[in-house]
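Because the structure is predicted, anything quoted here is derived from the model rather than measured. Below, read A as the first sequence line, B as the second, and so on, with proteins coming before strands; counting in each chain starts at 1.
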Amino acid sequence: METKETQGCCCGGNKDRFAKVDEILAHYKGVKGALIPVLQEAQNAYGFLPKDIISRIAQTLKIPVSQVYGVVTFYSQFHLNPRGRNIIRVCQGTACHVRGAKAVLKALEDELRIAPGQTTTDERFTLETVACLGACGLAPVLMINDDTHGRLTPETVCKLLDRYQ
Amino acid sequence: MKHIRSHVLVCGGTGCASSGSKKVMDVLREELEQKGLAPEVKLVETGCHGFCEMGPIMIIYPEGTFYCRVQPEDVAEIVDVHIYKGRIVNRLLYREPISHERIPNFEHMQFYKKQMRRILKNCGHINPEVIEEYIAAGGYAALGKALTEMNREQVVDEVKKSGLRGRGGAGFPTGLKWEFAKNAPGNQKYVVCNADEGDPGAFMDRSVLEGDPHRVLEGMAVCGYAMGASEGYIYCRAEYPLAIKRLNIAIKQAMDMGLLGDKIFGTDFSFHIKVKEGAGAFVCGEETALLASIEGKRGMPRPRPPFPAVSGLWGKPTNINNVETFANVPDIIVDGAAVYAAVGTEKSKGTKVFALTGKINNTGLAEVPMGISMREIIYEIGGGIPDNKKFKAVQIGGPSGGCLPEELLDLKIDYESLTAAGAMMGSGGLVVMDETTCMVDVARFFLNFTKSESCGKCTPCREGTKRMLEILTRITEGEGRDGDIELLESMAKTIKAASLCGLGQTAPNPVLSTLRYFRHEYEAHIKDKKCPAGACSKLSGYLITELCKGCGLCKKVCPVEAISGEIKGQHVIDQVKCIKCGACMAKCPFKAIIKG
Ligand SMILES: Cc1cc2nc3c(=O)[nH]c(=O)nc-3n(C[C@H](O)[C@H](O)[C@H](O)COP(=O)(O)O)c2cc1C
Ligand code: FES
């Protein structure tokens with residue numbers, strides 16, 4: 001499990017901390033256009049992209065840190081801050097919109113007492129919105145981690161949460 | 001020899017999986033084991049049937065019986081009644097929304113009857129994780145034919161003659177694009193498949209990738225041969241984990257069989273495909289942004305020319321096509337351009353897959369010949385509008401498209417007719433809207449989308465969409481002013497003319513098309529401060545009339561406890577707490593709650 005002491009220095013004092021990212025980097029050695037897949041795998045390994053890990057990636061790939069940071073902030077998939085244990089992604093796409101996605105989102109905001117983009121204080125849930133999950137046939141839809149849930153109503157959606165601790 | 005008497009196909013696509021098909025599969029496997037039927041009944045996990053609304057879907061052959069919304073509890077009955085006794089489990093059959101008739105065989109269902117399934121032919125009928133099933137269905141014959149019987153010019157010619165046009169949105173002739181890439185000088189060239197499918201409301205590419213991934217690989221390999229490329233990339237959005245998994249399985253199997261890789265079919269042609277996972281940015285669907293993203297950069301579009309066919313991935317000649325475009329290729333090569341082009345209109349050939357969603361009875365994928373009317377899709381295949389509501393508009397083409405009103409339901413759909421009507425084919429997402437959808441809110445919704453997804457490189461798109469959104473928001477909140485409509489129109493013109501890429505150039509379309517067909521709704525918001533659809537919450541609310549019997553159901557169902565009242569007494573809604581979700585109105589057995 002990842003702990004909070006993530007903003008440590010990058011002077012190499014903490015070898016174990018970099019073991020995972022170094023392994024990922026070794027795997028992509030010499031591969032063209034490796035930056036995004038490396039960031040994706042690093043985020044999977046660390047839960048988000050801490051500063052020192054970003055520096056390490058920039059150094060090894062010989063890309064300026066500013067440029068790596070530019071890529072990280074461009075794509076909505078990358079995160080610079082720790083996130084909850086469970087990620088809720090509520091679809092606000094067209095099909096879901098016309099079938100009441102707004103009310104579903106509102107119910108979740110009220111239940112969790114957070115706005116989209118935020119994490120609950122116990123770090124159990126992070127609430128996000130997405131533009132379409134490609135499951136429009138079941139609108140309104142959301143994804144919790146890798147599970148897709150459809151045909152939701154403001155009442156049924158809150159009941160789903162118990163399954164994710 | 002083993003004798004198989006039944007094939008049970010269970011859909012394992014994303015839609016059905018989220019409705020619980022994995023569990024159904026597990027329970028069924030156990031049940032068959034227990035009853036000793038396992039050797040005689042073959043269980044197959046398939047890709048998407050395109051009728052996700054009815055999932056989990058199970059089809060039993062040889063009868064072709066179609067069971068819908070199958071739950072784990074239903075499995076024992078299916079095994080006992082259908083597989084053992086050979087009778088049909090009536091209650092699990094599909095029921096037509098209009099005639100209420102129960103239909104045993106899917107070929108007779110209105111939803112499938114009107115369709116012409118070419119691209120989706122295998123989806124839902126083969127196991128996408130087993131290459132042999134694709135080959136048995138005629139797969140890789142096109143690649144074989146192209147490599148051994150045709151030269152590169154002939155392949156390009158055949159695609160040109162077929163009239164195939166890009167399914168990614170703009171409808172550029174595919175054969176012509178291949179020819180440019182073929183004639184571009186250079187030793188290293190690339191084929192790229194655009195599987196970013198960013199339009200909200202579209203999921204046809206996902207279903208093809210999940211249900212028949214080899215078809216796309218084969219189309220890409222044929223393209224690689226024709227243009228002289230030895231490497232291909234599939235750029236797939238990260239929201240589609242199952243599609244990515246199946247693509248990787250398919251690539252490995254094709255490599256193992258020598259259908260991809262070095263010296264395919266013993267010829268000199270080698271072709272390798274890699275999957276690249278997107279990172280969540282709509283603009284990366286735009287071809288130059290997509291290429292930048294594959295190169296590991298910020299996905300920002302650049303001006304064209306040079307076009308990718310001349311200078312694409314890493315500056316090399318690159319041909320980029322959509323998933324569905326590639327999926328059309330095998331049939332063109334095997335059956336020939338003439339057979340392919342026999343279907344469609346004068347300028348738009350073949351079939352198109354539409355994703356039917358929104359306020360419609362049968363949501364799902366409909367593959368139909370080009371030139372079909374919107375009415376046929378919505379009323380015959382889609383089964384009409386639920387809850388006896390009135391049709392208002394159908395949105396086509398996602399954030400770059402437009403809303404078509406009832407008067408245009410008989411329009412024959414092809415690339416040209418849609419553009420003339422102020423919409424656009426786009427990826428083919430059709431979102432149906434009924435009388436309760438507010439068209440100003442829809443326009444605001446799309447502008448909010450394009451504003452958030454604008455990459456920020458050019459000013460007209462970055463600033464323009466933001467200002468248009470501000471105006472639309474104030475209109476929906478009852479703060480609209482005289483002259484707002486004219487201001488929107490003039491901004492729309494500027495943004496369309498001056499933006500760098502397709503995102504900005506088409507972003508005003510949803511506003512322009514709603515203004516063209518539903519101007520009165522804008523006027524009602526601005527002048528009368530009313531939302532005719534009752535959708536804009538600042539301009540409407542729910543009221544409990546004196547028809548209230550005090551049953552308390554509305555109070556129970558309200559998610560925010562905005563309703564108060566004693567049992568058997570008149571209930572009231574606290575307008576401040578109310579979030580206007582409409583749950584109370586839907587629940588009230590006495591129709592005592594109205595919107596106004
Ligand atoms: C903002 C924007 C988003 C796009 N998104 C997609 C997409 O998600 N999928 C796609 O195939 N094409 C998309 N396109 C179109 C591509 O730029 C390109 O035209 C297409 O991939 C070419 O393939 P085709 O000729 O087979 O249609 C998009 C274009 C723009 C301007
Ligand atoms: S619009 Fe919500 S899943 Fe497509």
Side-chain angles (χ1 to χ4, degrees), chain A residues 31-41 43 61 63 67-68 70-78 89 91-100 102-104 106-107 109-111 128-139 141-143 146-151 153-155 157-158, chain B residues 14-15 17-19 51-53 55 197-203 205-206 237-241 276-282 293-300 314 355-359 363-365 395 398 429 431-434 437 442 445-446 449 452-453 455 557 559-560 579-583:
Chain A
V31 176
K32 277 191 291 185
L35 179 57
I36 292 174
V38 166
L39 290 171
Q40 283 167 334
E41 289 190 27
Q43 179 162 288
L61 294 178
I63 301 174
Q67 206 171 314
V68 178
V71 168
V72 169
T73 50
F74 183 82
Y75 295 100
S76 61
Q77 195 188 53
F78 297 125
R89 299 196 283 174
C91 180
Q92 299 290 302
T94 329
C96 292
H97 179 76
V98 303
R99 282 210 195 177
K102 242 197 251 171
V104 168
K106 178 86 172 74
E109 287 177 35
D110 292 349
E111 175 79 17
E128 291 174 354
T129 58
V130 294
C132 178
L133 292 168
C136 326
L138 304 173
V141 177
L142 62 67
M143 241 172 133
D146 272 342
D147 309 335
T148 313
H149 301 275
R151 300 189 198 108
T153 66
E155 298 103 68
V157 70
C158 295
Chain B
T14 296
S18 74
S19 313
F51 207 1
C52 318
E53 167 110 60
E197 195 159 58
D199 282 4
F203 54 102
D205 292 352
R206 160 182 222 156
R237 62 197 299 237
E239 285 84 354
Y240 290 1
K276 279 269 176 180
E277 207 175 299
F282 171 73
S293 182
I294 295 183
E295 292 172 7
K297 303 188 196 131
R298 286 164 73 99
M300 307 249 247
W314 288 295
L356 269 180
T357 60
K359 303 286 183 68
T363 58
L365 290 181
Q395 209 282 339
V431 185
V432 179
M433 299 165 180
D434 67 13
T437 317
V442 168
F445 167 83
F446 279 114
F449 179 85
S452 327
E453 297 295 341
C455 77
V557 82
V560 292
I579 56 166
K580 280 110 182 172
C581 66

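We find the CD-CD distance between E239(B) and Q77(A) to be 7.5 Å, quoted to the nearest 0.5 Å. Rounding to the nearest 0.5 angstrom, the gap separating the OG1 atom in T94(A) from the CE atom in M433(B) is 7.0 Å. A distance of 8.0 Å separates NE2 of H97(A) from OG1 of T437(B), quoted to the nearest 0.5 Å. Taken from CZ in R298(B) to CD1 in I36(A), the straight-line distance is 11.0 Å, to the nearest 0.5 Å.
In this structure, the side chains of M143(A) and S18(B) stay at 4.5 Å or more apart for every pair of heavy atoms. Counting heavy atoms from C-beta on, the side chains of I579(B) and E109(A) never come closer than 4.5 Å. Between S19(B) and L138(A), some side-chain heavy-atom pair lies under the 4.5 Å cut-off.
Between G134(A) and F203(B), the closest heavy-atom pair is O-CB, 3.3 Å.
Both the backbone and the side chain of K32(A) come within contact range of chain B, each with at least one heavy atom under 4.5 Å from a heavy atom of that chain. For T153(A), no part lies under 4.5 angstrom from a heavy atom of chain B. With a threshold of 4.5 angstrom between heavy atoms, Q67(A) does not approach chain B through any atom at all. There is no contact between D147(A) and chain B, counting heavy-atom distances below 4.5 Å. Residue A139(A) does not touch chain B at all, counting heavy-atom pairs closer than 4.5 Å.
For C132(A), the side chain to side chain contact (heavy atoms under 4.5 Å, CB included) partners two or more places apart in sequence, or in a different chain, are C136(A), P200(B). In this view, V31(A) and Y28(A), A34(A) satisfy the side chain to side chain contact (heavy atoms under 4.5 Å, CB included) rule, not counting sequence neighbours.
The choice from E111(A), K102(A), Q40(A), E155(A) that makes the most heavy-atom pairs within less than 4.5 Å of chain B is Q40(A). Considering only heavy-atom pairs separated by less than 4.5 Å from chain A, the leading option among A279(B), A281(B), G296(B), C52(B) is A279(B). When D146(A), V71(A), V68(A) are compared by the number of non-hydrogen pairs under 4.5 Å with chain B, V71(A) comes out ahead. Contact count versus chain B (heavy atoms, under 4.5 Å) is highest, among G70(A), P37(A), G150(A), for G70(A). For the set P241(B), G582(B), G299(B), the count of heavy-atom pairs under 4.5 angstrom toward chain A peaks at G299(B).
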